[in-house]
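Worksheet for the structure shown next.
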Amino acid sequence: LADAWTQTPTKWYPLPVAVGALLLIVLQYRRTRRSEKEVHVDEDGQGVVKLKGPWQVHVLGALPLNSLSRVWGFLNSLELPVWFRPFGFKLYSWTFGCNLDEINPPDLTQYASLGEFFYRKLKPGARPVADTVLVSPADGRVLHYGVIRDGRVEQIKGATYSLDALLGVERPGLPPPANVEFHPRDQAEVLDRDFADINGIQYSLHDFLGTPRPPTAEGAPQQEQKEQKPVPTKHGEQTDASVSPDGPLQDVVAHEAGVAAEMGVRPFLERAQGRPAGSVKPEHALFFTVIYLAPGDYHRFHSPTAWVVEKRRHFVGDLFSVSPWMVDKLADVFVLNERVALLGRWKYGFFGMVPVGATNVGSIKINFDQALRTNVATRHRPPVGTFEEAVYTSASPVLRGQPLSKAQEMGGFYLG
Amino acid sequence: STIVLVFEAPQDFEFTVEAGQKIKMGEKLGDL
């Protein structure tokens with residue numbers, strides 16, 4: 001080796017012009033990709049968010065994380081031999097702390113792949129729902145929580161990121177969000193002026209929205225009048241003399257809009273126009289909380305409260321790990337990563353829920369949004385800071401969005 | 001994976017969890 005190292009003559013050859021040109025093209029492409037990754041328009045369109053952190057973060061940033069995530073997902077979708085499944089899943093459960101007593105179905109041989117096991121269901125009643133206004137949407141660990149001040153969300157102590165960068169805002173200079181053709185699987189149907197049937201369950205509109213029942217002409221509450229007539233049990237069969245001749249839908253829409261306006265419960269779409277970041281009603285504040293799902297956790301997420309999702313925004317981004325270590329090291333990780341922002345309202349005003357993808361779980365599924373596709377390989381990546389948008393108004397004309405009850409399953413994270 | 005919740009609520013809203021605490025789906029996150 002020493003002889004070869006010292007005595008082998010070096011002979012230089014001229015590179016063909018085509019190879020040199022190809023090299024320049026590759027270098028230019030890498031430079032463009034890096035600048036796209038580092039520059040992220042802030043809420044005022046002036047600031048930028050760069051990949052900031054120690055050397056480990058920059059090493060990870062140089063890796064093709066999205067491609068690795070998709071390969072990981074493909075490998076975990078491969079069907080495992082039946083004899084191996086109990087052993088393999090028990091090993092996985094032992095390693096990551098899964099509780100096999102609560103999974104449904106309990107027979108491990110029925111999970112064809114690790115991906116299927118990862119997206120497992122729980123037995124009915126395995127997660128009792130607390131009687132409170134806000135419950136945890138998933139199993140996990142609370143990373144952080146607090147109040148949002150000046151439109152900035154605290155990631156770790158002393159470091160913040162922009163709320164508008166997280167949720168997205170329309171602003172001049174950026175291409176308009178694409179309207180996605182939306183085919184909701186779950187439907188809400190108005191039964192009469194006070195009740196709606198949502199996925200087979202009858203809800204009082206006022207209880208759902210947290211708005212008071214309007215008084216009748218005689219001054220008696222609407223609820224008392226309601227109790228005098230039977231609650232309709234089958235769609236389209238009820239007859240209600242109090243409903244206007246135009247039909248129950250128009251009546252309920254007008255009625256709900258009136259109540260909502262009275263209570264200041266206006267749709268997010270309207271409130272967002274011209275609203276400075278972080279502004280809320282008097283005596284109100286904007287709160288946030290971040291919940292981290294570890295690899296062994298149940299990976300479906302549920303509605304944390306009764307609310308109406310009005311729109312979703314899909315941000316195509318990177319897929320950095322979102323482990324507590326990474327959150328501590330990489331500033332703006334929640335703004336850089338691929339995510340789906342679900343925006344709407346609950347009884348106290350604005351409500352938003354943002355599932356954020358990661359390297360091992362890059363795919364986000366929303367049950368009521370069949371058009372959503374995440375972690376998809378694409379030749380032309382959309383400009384950073386833009387998002388694909390879908391509006392859920394067709395899901396329920398009366399509620400102007402997709403209604404969700406507390407603890408209702410919303411979707412989940414897939415491996416890869 | 002991570003879930004971020006952002007919501008408007010009256011100022012007397014209080015979280016009933018601590019940072020770093022493990023939590024299950026459906027458990028109380030906060031109250032008024």
Side-chain angles (χ1 to χ4, degrees), chain A residues 122 127-146 148 153 163 166-167 280-281 283-293 298-302 304-305 322 324 327 334 337 339 345-346 348-358 360-361 364 407 413, chain B:
Chain A
L122 297 182
R127 295 283 181 274
V129 180
D131 183 20
T132 183
V133 292
L134 189 69
V135 298
S136 175
D139 287 6
R141 186 192 303 176
V142 179
L143 284 188
H144 204 23
Y145 63 86
I148 298 172
V153 187
L163 174 64
L166 176 73
L167 304 180
V280 293
K281 287 183 287 189
E283 308 298 323
H284 279 209
L286 271 180
F287 297 85
F288 77 96
T289 185
V290 183
I291 297 171
Y292 166 68
L293 287 71
Y298 167 66
H299 261 72
R300 296 180 185 229
F301 49 77
H302 296 241
T305 188
V322 288
V327 170
F334 299 122
N337 268 22
R339 63 198 181 278
R345 66 191 192 278
W346 70 327
Y348 301 113
F350 169 73
F351 197 93
M353 181 170 170
V354 189
V356 183
N360 62 331
V361 279
I364 300 167
F413 296 97
Chain B
S1 44
T2 302
I3 295 174
V4 182
L5 298 181
V6 178
F7 54 93
E8 179 180 352
Q11 288 176 349
D12 55 352
F13 178 87
E14 287 186 358
F15 287 98
T16 53
V17 291
E18 294 295 329
Q21 177 185 331
K22 286 194 172 183
I23 194 167
K24 299 284 187 187
M25 190 280 289
E27 285 184 358
K28 190 175 185 179
L29 201 55
D31 207 350
L32 286 160

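We use all heavy atoms of the structure for the numbers below, so side chains are in, but hydrogens, waters and symmetry mates are not. First the proteins, then the strands, lettered A, B, ... as listed; each starts at 1.
Between chain A and the residues B/Lys24, B/Lys22, B/Glu18, the most heavy-atom pairs under 4.5 angstrom are made by B/Lys24. The candidate from A/Val322, A/Asp131, A/Leu166 with the greatest count of non-hydrogen atom pairs under 4.5 Å with chain B is A/Val322. The greatest number of non-hydrogen atom pairs below 4.5 Å with chain B, out of A/Asn360, A/Val129, A/Thr289, is found for A/Thr289. Of the listed residues (A/Gly357, A/Ala407, A/Pro128), the greatest number of heavy-atom pairs within a distance under 4.5 Å of chain B belongs to A/Pro128. Listed options A/Leu143, A/Leu293, A/Val361 were ranked by heavy-atom pairs under 4.5 angstrom with chain B; first place goes to A/Leu293.
A distance-only check finds no donor-acceptor pair linking the side chain of A/Tyr145 to the backbone of B/Phe15 [under 3.5 Å].
Here the closest heavy-atom approach between residue A/Ala130 and residue B/Lys28 is recorded as CB-N, 3.8 Å. Listed here is the closest heavy atom pair of A/Pro137 and B/Ile3: CG-CG2, 4.1 Å. The two residues A/Tyr348 and B/Ala9 come nearest to each other via the heavy atoms CB-CA, 4.0 Å. In this structure, B/Ser1 and A/Ala358 approach most closely via the heavy-atom pair N-CB, 4.0 Å. Closest of all the heavy-atom pairs between A/Asp139 and B/Met25 is OD1-N, 2.7 Å.
There is no contact between A/Leu122 and chain B, counting heavy-atom distances below 4.5 Å. Contacts of A/Tyr292 with chain B are made by both backbone and side-chain atoms, with heavy-atom separations under 4.5 Å. Of the atoms belonging to A/Pro304, it is side-chain heavy atoms, and not backbone ones, that fall under 4.5 Å from chain B. In this structure, chain B has a heavy atom under 4.5 Å from the side chain of A/Phe413, while its backbone stays farther away.
Residue B/Asp12 qualifies as enclosed at atom CG: its count of foreign heavy atoms under 6.0 Å is above 12.
The line from CD of B/Gln21 to CD1 of A/Ile291 is 10.0 Å long, rounded to the nearest 0.5 Å.
In this structure the side chain of B/Leu5 never reaches within 4.5 angstrom of the side chain of A/Phe287, judged on heavy atoms. A 4.5 Å side-chain heavy-atom check between B/Phe7 and A/Thr305 finds every atom pair outside the cut-off.
Partner A/Leu134 forms a side-chain contact (heavy atoms from CB on, under 4.5 Å) with one of B/Leu32, B/Thr16, B/Leu29 and no other, that one being B/Leu29.
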